Trainee: 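Following this message is one structure expressed as C-alpha cells.
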Amino acid sequence: MAKNLLIVESPAKAKTIEGYLGKDFTVKSSYGHIRDLVKSEDAIDIEHGFKQKYEVPADKKQVVSELKKLAKEAETVWLASDEDREGEAISWHLFETLDLKEDKTKRIVFHEITKPAILRAIESPRKIDYNLVNAQQARRVLDRLVGFELSPVLWKKVKPSLSAGRVQSVAVRLIVEREREINKFNAEAAFRIVAIFGKGKEAFKAELPERFNKQEDAEKFLNDCIAAEFNVNSLETRPAKRSPAAPFTTSTLQQEASRKLGFSVSRTMSVAQKLYESGKITYMRTDSVNLSDLALQSAAQQIVSAYGEQYHQQRKYKTKSASAQEAHEAIRPTYFNEHTVDGDPAERRLYELIWKRAIASQMSEAQFERTVAKIGVSTRKEELVANGEVMKFDGFLKVYLESSDDEDDNQQDGDNAILPPLTKGQRLDLQEMTATERFSRPPARYTEASLVKKLEELGIGRPSTYAPTISTIQNRGYVVKEEREGKQRNFRVLTLKGGNIKKEEKTENTGAEKGKLFPTDIGAVVNDFLVQYFKGIVDFHFTASVEKQFDEIARGLKEWTDMIETFYKPFHQEVQTTIETADRASGERELGVHPESGKKVSVRIGRYGPFVQIGENDDEQKQYASLRAGQMIETITLEDAMELFKLPKKVGVFEDKDMTVAIGKFGPYIRHNSAFYSLPKGIDPLDVSEAQAVEIIQEKRKKDAEKLIKTFEENAEVKILNGRWGPYIEFGKQNVKIPKGKDPQSLTYQECKELAEAAEKEPKKAGKKFVKKK
DNA sequence: CAGTGAGCGAGCTTCCGCTTGACTT
C-alpha cells in the first residue's frame with residue numbers, strides 16, 4: 001500500500017498527477033464537494049451561530065467510503081484541492097468526513113498541473129486555512145438562506161415551484177430589463193451618404209460623416225453634387241496595430257464558441273469536458289488568463305518553428321475581473337505541438353479554437369497602414385471620407401481573429417477596404433452616390449453567451465455555474481431561448497447616377513432574432529415582485545458587496561457569523577413583512593373595453609399560463625383565451641387580444657370529422673380526429689378553406705407513410721418508423737429505440753411489446769431527474 | 001399544439017458551487 005494518499009478534485013487531474021509522482025503516491029479524486037447542507041429546514045441553526053448540518057449525498061457515499069479506507073492505510077494524506085474558497089472548504093470537509101488526524105494531514109496547492117509545480121507544492125505543505133473555510137461557509141449559508149426563504153415567498157405570492165436566488169434572479173432581471181428597453185426604444189431614421197469614385201479595380205467608397213435627418217436635406221446634398229467637382233483635400237497615412245486577445249477563460253470560451261461555432265454554453269462545456277478528460281486541454285472551468293512557464297515555452301517553440309521568430313512575442317495577461325480566484329491556468333492545449341486532435345467534429349473544432357487562441361496570445365501584434373482620404377465637394381462645405389487599410393505584417397492574425405458581439409451593419413463598408421493610389425489635390429470621378437435611410441438600433445437582446453459575459457462583469461456566478469444558471473432560468477420558465485420573425489420595414493433610397501436622382505422605396509426585414517433570450521410573463525412578474533420587495537437581493541451590486549465581505553473573512557478581518565447575522569436579521573424581517581402584506585402577483589393589466597359587449601378586457605397569469613379575459617363580475621358570462629407564443633402581458637394590445645377569440649375555428653368536415661384551425665405553442669395547426677397537422681408558413685389561419693385543410697391533412701399522411709416501416713394486425717397503435725436516429729417503435733405514447741443488430745422489418749408484435757415493457761421498467765434515471773418537464 | 005381560469009388541501013417545490021456520468025425522438 002502506498003505511503004501517501006493525495007486527493008484532488010477531478011479524476012482526470014488525479015490520473016495526470018499520479019504519473020508525475022511515482023509509486024509512493026496514490027492519487028484519488030473527491031469529485032468536487034463531498035458534503036452539502038441537508039435539504040431540510042434545520043440545515044442552519046439560526047439561533048445558535050448559524051451552525052450547519054452537513055450530510056454526504058447519496059451519489060458521494062461510495063467516493064467517501066473509498067477515500068476513508070485509503071486514508072486509514074496511508075501514512076500521510078495530502079489534501080490537494082484547488083486553491084480557492086471552495087477548494088479550501090473541500091479540504092476541510094475531507095478532513096472532517098474522513099476522520100483525518102492533524103499530524104498525518106498536509107494541505108498543498110498548485111495552480112498548474114505540471115511536474116515541477118506539483119513537486120514544489122509537496123515541498124511546502126501548509127495547514128488548512130480556516131479563514132478561507134469560514135468565507136466559504138458564509139457564502140454557502142448566505143446562498144441557502146436567500147434561496148430557501150425567498151423561493152417559498154414566490155410559492156405563496158406567485159406560483160408553486162418557482163425559485164429565486166442571488167445569481168439566477170439577477171440573470172432574469174437583466175433579461176427582463178433589456179426587453180423593456182427594447183420595447184420602449186424608438187428607432188430614429190437618418191440618411192447616410194455613400195459615394196463611389198473611380199472605375200473597376202480602382203473603385204472605392206467614401207462616406208459622409210454627417211447624416212441627414214430629413215429627406216429634403218439628403219436630396220439637396222445629392223442635388224448639389226450633380227454639378228460638383230470632387231478633389232482629394234487631404235491624405236493621411238499612419239501606422240496602426242492590433243494585439244491578440246488573452247487565452248480563453250470559461251466565459252470567453254463560451255462567448256467565442258457561441259459566435260464562431262454556434263454552440264450553446266452547455267454544449268461548449270460538455271465538448272470541452274471531453275477534451276479535458278482525454279488529456280487534450282487543461283481544465284475548462286477557470287477564470288484565469290495565466291499560462292504556466294512550461295506552456296509559454298512550448299507555445300514559443302511552436303510559433304517559432306511554424307511561423308518564424310518574428311511572429312513570436314511572449315505575453316503575460318492579467319485578469320480584468322475583480323471576482324477572479326485564479327485557481328487554475330487559462331484554458332489551453334496540453335500539448336501545443338498537437339495542432340489538431342481526433343474526435344468528433346465538435347471536439348475538433350473546439351480544440352482548434354482553443355489552440356489558435358492560446359497560440360495567438362503569444363504572437364506579435366499585427367501591423368497596418370491606415371489611410372484616411374478627405375474628399376472635398378466644390379459646392380458644399382462638408383467633406384467625404386474614405387478609409388483604407390493595408391496590412392503590413394499579419395502577426396497573430398495569421399492564426400486567429402477574435403470575433404465581436406456587435407453586428408453593426410453601418411460599419412461594414414469603408415473599413416478594411418483598399419484604396420487605390422491617391423494624391424493630394426487629385427480630381428475624382430463620381431460614379432454613383434446614394435442617400436440611404438438608416439435606423440438607429442435598440443440594445444441587443446442577450447444570447448446565452450453574452451449573458452454570461454455580463455454576469456462575469458458583475459462578478460456574479462462562477463465558471464462552474466454559468467452553464468447551469470442559464471439552464472435553470474430556462475427550466476423555471478423565466479426565460480426562453482427563441483427564434484422570432486422580424487417585421488418588414490420600408491426605407492428610402494436616393495441614388496445619384498449620370499446626373500439624375502432616382503428615388504426608391506425598399507423594404508428590409510428588421511428585428512428578426514435567432515437564439516436570443518426572451519423573458520416570459522412569469523419571468524417578468526417574478527422579477528417585478530422581487531424588485532419591489534427585495535431590492536437589495538436583486539441589486540446588480542449585491543454579489544460584489546457580499547464578496548467584499550467574504551474577502552475580509554478570508555483575510556481574518558471579520559467573523560463570518562457577524563456578517564451573516566447582520567445580513568440575515570433585516571432580510572428575514574423583509575420576508576416576514578412581505579408574506580403578511582404583499583398582494584398576490586399575477587401581472588394583471590387592463591386592456592380596455594370589449595367593443596361589442598362593453599365588458600372589461602384584462603390579461604393576467606393563470607394556472608395554465610397567461611390569458612385574456614372578457615368580463616369581470618361574478619354574474620357575468622366570462623370568456624377566456626390563452627396568449628400565443630411571442631405575446632406578452634405587458635405588450636399585448638386590445639386588438640391583439642380580440643384576434644385571440646377568433647380561433648379555434650371550424651373550417652369544414654373531412655371523413656365525417658370536423659376540421660378545426662387553432663394556434664398552439666408551435667404555431668397554427670389543424671385538428672382533425674384528435675390528430676394535429678401544422679399549417680405551412682404563409683397561410684393565414686383565419687382564412688383556411690376546407691379544400692386547403694384537406695390537402696394539408698393528406699400531405700402530412702403521405703409524409704408519415706414514407707416514414708412507416710411496418711404495422712401490426714394485433715394493434716394498429718403500434719408502428720415501426722424511421723426516425724432521425726434510426727428505426728424505432730411507436731408503442732402507444734411510448735417510443736422505443738430498436739436495438740442494434742435487429743432487423744426492424746422482421747420484428748414481431750410480441751417482440752415490440754417486450755421491448756416496450758423492458759424500456760418501461762427501466763426508467764431513464766438521470767434523464768428524468770435532471771431534465772425538468774415543462 | 002383542445003379548453004381550462006372554482007375550491008378544497010396533503011405534500012411537494014427551492015439556493016450556489018465543486019465534480020462527473022447517464023441520459024437524449
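Because the structure is a prediction, the values reported are computed rather than measured. Here is the naming used below: chain letters follow the sequence lines, and residue numbers restart at 1 for every chain. Just so you know, these numbers use all the heavy atoms, side chains as well, and skip hydrogens, waters and symmetry mates.
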Trainee: So, does A:R166 get its side chain near the phosphate of B:dG17, meaning an N or O under 4.0 Å from OP1 or OP2?
Mentor: yes

Trainee: Going by side chain to side chain contact (heavy atoms under 4.5 Å, CB included), name the residues that satisfy it together with A:K650, two or more places apart in sequence or in a different chain.
Mentor: A:V653, A:D658

Trainee: For A:E329, does its backbone N or O pair with a side-chain atom of A:H111 as donor and acceptor, under 3.5 Å?
Mentor: no

Trainee: Among the candidates B:dC16, B:dG21, B:dC18, find the nucleotide nearest to the side-chain atoms of A:Y31.
Mentor: B:dG21

Trainee: Applying a 4.0 Å non-hydrogen cut-off, can you work out what A:P648 is touching in the nucleic acid: base, sugar-phosphate, or nothing?
Mentor: sugar-phosphate

Trainee: How close or far is atom C1' of B:dT20 from atom CD of A:Q62, stated in whole angstroms?
Mentor: 13 Å

Trainee: Does the ring of A:F148 meet both stacking tests against the six-membered base ring of B:dC15: centre distance under 5.5 Å and plane angle under 30°?
Mentor: no

Trainee: So, does A:S10 get its side chain near the phosphate of B:dT20, meaning an N or O under 4.0 Å from OP1 or OP2?
Mentor: yes

Trainee: Within the 4.0 Å heavy-atom criterion, would you say A:G87 contacts the bases, only the backbone, or no part of the nucleic acid?
Mentor: nothing

Trainee: Sequence neighbours left out, what pairs pass salt bridge (charged side-chain N to carboxylate O under 4.0 Å, His left out) with at least one residue falling in residues 28-40 of chain A?
Mentor: A:K28-A:E66, A:R35-A:E96, A:D36-A:R140

Trainee: Considering non-hydrogen atoms only, spot the tightest contact between A:Y478 and A:L162 and give its length.
Mentor: OH-CB, 3.4 Å

Trainee: Which pairs pass side-chain hydrogen bond (donor to acceptor under 3.5 Å, both in side chains) with one or both residues in residues 458-471 of chain A, sequence neighbours excluded?
Mentor: A:D287-A:R462

Trainee: Where the side chain of A:H33 is concerned, which of B:dT19, B:dC15, B:dG17 is the nearest nucleotide?
Mentor: B:dG17

Trainee: With nearest nucleotides of DNA chain B determined for A:T465 and A:S161 from heavy-atom distances, which residue corresponds to the more 5′ nucleotide?
Mentor: A:S161

Trainee: How many Å lie between NZ on A:K156 and C1' on B:dT13, as a whole number?
Mentor: 12 Å

Trainee: Given pairs defined as Watson-Crick or G-U wobble with both distances under 3.5 Å, what dot-bracket annotation applies to DNA chain B, with ( ) intrastrand, [ ] crossing, | other strand and . unpaired?
Mentor: .........................

Trainee: Going by centres under 5.5 angstrom and planes under 30 degrees, do the aromatic ring of A:Y669 and the base ring of B:dC1 stack?
Mentor: no

Trainee: How do A:G147 and A:H328 order along DNA chain B: which one's closest nucleotide is nearer the 5' end?
Mentor: A:G147

Trainee: Calculate the interatomic distance between A:K700 atom NZ and B:dC1 atom C1'; express it in whole Å.
Mentor: 11 Å

Trainee: Find the distance A:K39:NZ to B:dT14:P and express it as a whole number of Å.
Mentor: 8 Å

Trainee: Classify A:A89 by what it touches in the nucleic acid, base, sugar-phosphate, or nothing, heavy-atom distance under 4.0 Å.
Mentor: nothing

Trainee: Taking only the side-chain nitrogens and oxygens of A:R476, find out if one of them lies under 4.0 Å from OP1 or OP2 of B:dT14.
Mentor: yes

Trainee: Students often get this wrong, so: under 4.0 angstrom with heavy atoms, is A:V146 touching a base, only sugar-phosphate, or nothing?
Mentor: nothing

Trainee: To the nearest Å, how far apart are A:R628 CZ and B:dG3 P?
Mentor: 10 Å

Trainee: Heavy atoms under 4.0 Å, any strand shown: does A:L162 hit a base, just sugar-phosphate, or nothing?
Mentor: sugar-phosphate

Trainee: Measure CG/A:L644 against P/B:dA2 and give the value in whole Å, please.
Mentor: 14 Å

Trainee: Identify each donor-acceptor pair in which a side-chain atom of residues 604-612 of chain A lies under 3.5 Å from a protein atom, sequence neighbours left out, and give them as a table.
Mentor:
| unit_1 | atom_1 | unit_2 | atom_2 | d |
| --- | --- | --- | --- | --- |
| A:R604 | NH1 | A:Q613 | OE1 | 2.9 |

Trainee: Taking only N and O in the side chain of A:Y283, is any of them less than 4.0 Å away from OP1 or OP2 of B:dT19?
Mentor: yes

Trainee: Is any side-chain nitrogen or oxygen of A:Q168 closer than 4.0 Å to OP1 or OP2 of B:dC15?
Mentor: yes

Trainee: Which of these nucleotides, B:dT20, B:dC1, B:dC15, is closest to any side-chain atom of A:E277?
Mentor: B:dT20

Trainee: Considering only nitrogen or oxygen atoms on both sides, find all protein atoms under 3.5 Å from nucleotides 5-11 of chain B and state each distance.
Mentor:
| unit_1 | atom_1 | unit_2 | atom_2 | d |
| --- | --- | --- | --- | --- |
| B:dG5 | O6 | A:S626 | OG | 3.2 |
| B:dG5 | N2 | A:R607 | N | 3.3 |
| B:dG5 | N2 | A:Y608 | N | 2.5 |
| B:dG5 | N2 | A:G609 | N | 3.2 |
| B:dG5 | N2 | A:G609 | O | 3.1 |

Trainee: Can you tell me the distance, in whole Å, between the OH atom of A:Y466 and the P atom of B:dT19?
Mentor: 13 Å

Trainee: Starting at CD of A:E149 and ending at P of B:dC15, how long is that distance when rounded to a whole Å?
Mentor: 15 Å

Trainee: Could I get the full list of side chain to side chain donor-acceptor pair (under 3.5 Å) partners for A:R166, not counting sequence neighbours?
Mentor: A:D143, A:T543

Trainee: Taking salt bridge (charged side-chain N to carboxylate O under 4.0 Å, His left out) as the cut-off, I'd like each qualifying pair that reaches into residues 148-160 of chain A, sequence neighbours left out, listed once.
Mentor: none

Trainee: Relative to each other, are the rings of A:Y283 and A:Y276 parallel, tilted or perpendicular (30° and 60° limits)?
Mentor: perpendicular

Trainee: Answer with base, sugar-phosphate or nothing: what part of the nucleic acid does A:G165 contact at a heavy-atom distance below 4.0 Å?
Mentor: sugar-phosphate

Trainee: Hey, what do you get for OG1 (A:T250) to NE2 (A:H328), rounding to the nearest 0.5 Å?
Mentor: 9.5 Å

Trainee: For residues 623-632 of chain A, which side-chain donor-acceptor pairs fall under 3.5 Å, sequence neighbours excluded?
Mentor:
| unit_1 | atom_1 | unit_2 | atom_2 | d |
| --- | --- | --- | --- | --- |
| A:Q631 | OE1 | A:R628 | N | 2.9 |

Trainee: If you only use heavy atoms from C-beta on, which nucleotide in B:dT20, B:dT19, B:dC15 is closest to the side chain of A:K60?
Mentor: B:dT19

Trainee: Give the nucleotide from the list B:dC1, B:dG17, B:dT20 with an atom nearest to the side chain of A:S678.
Mentor: B:dC1

Trainee: What about A:R671, does its side chain sit under 3.5 Å from the base of B:dC1 through a donor-acceptor pair?
Mentor: no

Trainee: Identify whether NZ of Lys or CZ of Arg in A:R144 sits under 6.0 Å from the centre of the six-membered ring of A:F148 and within 45° of that ring's axis.
Mentor: yes

Trainee: Please determine whether a side-chain nitrogen or oxygen atom of A:R285 lies at a distance below 4.0 Å from atom OP1 or OP2 of B:dT19.
Mentor: yes

